[in-house]
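Structure first, then comments.
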Protein chains: 2
Amino acid sequence: MSDLLERLRGRGWRLTSQRRVVAQVLDGDHVHLTADEVHALAARRLPEISRATVYNTLGELVSLGEVIEVSTAGRAMRYDPNARHPHQHLVCSGCGTVRDVHPNGDPLAVLPAAERFGFTVSDVEVTYRGLCPSCG
Amino acid sequence: MSDLLERLRGRGWRLTSQRRVVAQVLDGDHVHLTADEVHALAARRLPEISRATVYNTLGELVSLGEVIEVSTAGRAMRYDPNARHPHQHLVCSGCGTVRDVHPNGDPLAVLPAAERFGFTVSDVEVTYRGLCPSCG
DNA sequence: TCTTGACTTGGACTCTGTCCATCGTAGGAT
DNA sequence: ATCCTACGATGGACAGAGTCCAAGTCAAGA
């Protein structure tokens, strides 16, 4: 993620302090923060950053493919910067903790053409649910 | 679903007109309604039914395992009465339409024990995303 | 340094869902 | 058939997550 800012500059992004801080907060490979958590962490470095800006920036990072949205059923969306290596998620039904997991095989490949109903299928999201050691 | 009411009575449910109407609305094998859609359809038969009752009843049906919750990323939760036959979902990123699909193999089986981190994994939810013929 | 349009702000707003005090009624008891 | 009562329904207030917008700010090219 160290070169994320480089890549963004290359895409014509204006490098504001707000965007820099959001990118820094998302740094790391096993981070799954909610928008509000990102906002809270960003505000430690840049107290006046607004929620709207955090939402905007996260949305832009998602549509650029730099960050993945993980929906955790009812709870708030989480943002996963580990978008460069394919993986799935294991979510604790108790506390909402998220872990990256790597199932065998390609989950897209197991959907037969006859089951695609003319859709252009571009993506699969696999979410395993269960109780983590602390909640179990 | 015709015998859903029988099953519910068997579980000690009090059969109120509200619950009957919600069950009727959910009748069918490829229905994926939001709570508000269920409420709107139910209100056509029973105009004074409240949103709270619809939410309560849907929640009860889910915890009884009669109905499955389908989370569609940001949009409202959808309720799928086809809980008796295992299946996954194909969601259109354009219009939000949901179709039932049946991938090959058991998605739970492809997650190695080493990738479970001590969780008691009880469930998998596979969501294929893409554009439907109308939106593509 | 100046200019300009992209970016940020914050507060109001929407949408989805929950909570709770009060009222109504299904269905067993008589 | 009627009565009782606990379970269920009601609706309005509330809460959390996210969006929108008009006005102000500033990064970066000229």
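Chain letters run A, B, ... following the sequence lines, proteins first, then strands; residues in each count from 1.
The interatomic distance linking A:Glu48 (CD) with D:dT25 (P) rounds to 13 Å, in whole Å. The CD-P distance, from B:Gln18 to D:dA9, rounds to 5 Å in whole Å. Distance CH2 (A:Trp13) to P (C:dC7): 8 Å, rounded to an integer number of Å. As a whole-Å value, the separation of B:Asn56 CG from D:dT10 P is 10 Å. Note: CG (B:Leu8) to C1' (C:dA26) measures 15 Å, nearest angstrom. Atom C1' of nucleotide D:dC7 and atom CZ of B:Arg11 are separated by 18 Å, given to the nearest angstrom. For B:Tyr55 and D:dC14, the OH to C1' distance is 14 Å, given to the nearest whole Å. In this structure, CZ of B:Arg51 is placed 13 Å from P of D:dA13, rounded to the nearest angstrom.
Heavy atoms of A:Thr53 sit under 4.0 angstrom from at least one base atom. Residue A:Ala76 is classed as a sugar-phosphate contact, given heavy-atom separations below 4.0 Å to backbone atoms only. Nucleic acid contact for A:Arg19: sugar-phosphate only, since backbone atoms but no base atoms lie under 4.0 Å from a heavy atom of the residue.
When atom types are taken as modelled, the side chain of A:Glu115 and the backbone of B:His102 share a donor-acceptor pair closer than 3.5 angstrom. A donor-acceptor contact shorter than 3.5 Å links the side chain of B:Tyr128 to the backbone of A:Pro107.
Residues A:Arg7 and A:Glu66 are paired through a salt bridge, judged by an N-O separation under 4.0 Å between the basic side chain and the carboxylate. A salt bridge links A:Arg129 to B:Glu125: one of the charged nitrogens lies within less than 4.0 Å of a carboxylate oxygen. Between A:Glu60 and A:Arg19 a salt bridge is recorded (basic side-chain N to carboxylate O distance below 4.0 Å).
Side-chain proximity of A:Ser50 to C:dT9, D:dA28, C:dT18: nearest is C:dT9. In this structure, the nucleotide among D:dA28, C:dG24, D:dG12 sitting nearest to the side chain of B:Arg14 is C:dG24.
Each of B:Ala52 and B:Gly12 was assigned the nucleotide of DNA chain D with the nearest heavy atom; the assignment lying further toward the 5' end belongs to B:Gly12.
OP1 or OP2 of D:dC7 has not a single side-chain nitrogen or oxygen of B:Thr16 nearer than 4.0 Å.
Contacts between residues 33-47 of chain A and DNA chain C, defined by a heavy-atom separation below 4.0 Å, involve no residue at all.
B:Asp80 contributes atom CG, which lies 11.0 Å from atom CZ of B:Arg78 (distance to the nearest 0.5 angstrom). In this structure, CD1 in A:Ile68 is found 12.5 Å from OH in A:Tyr79, a value given to the nearest 0.5 Å.
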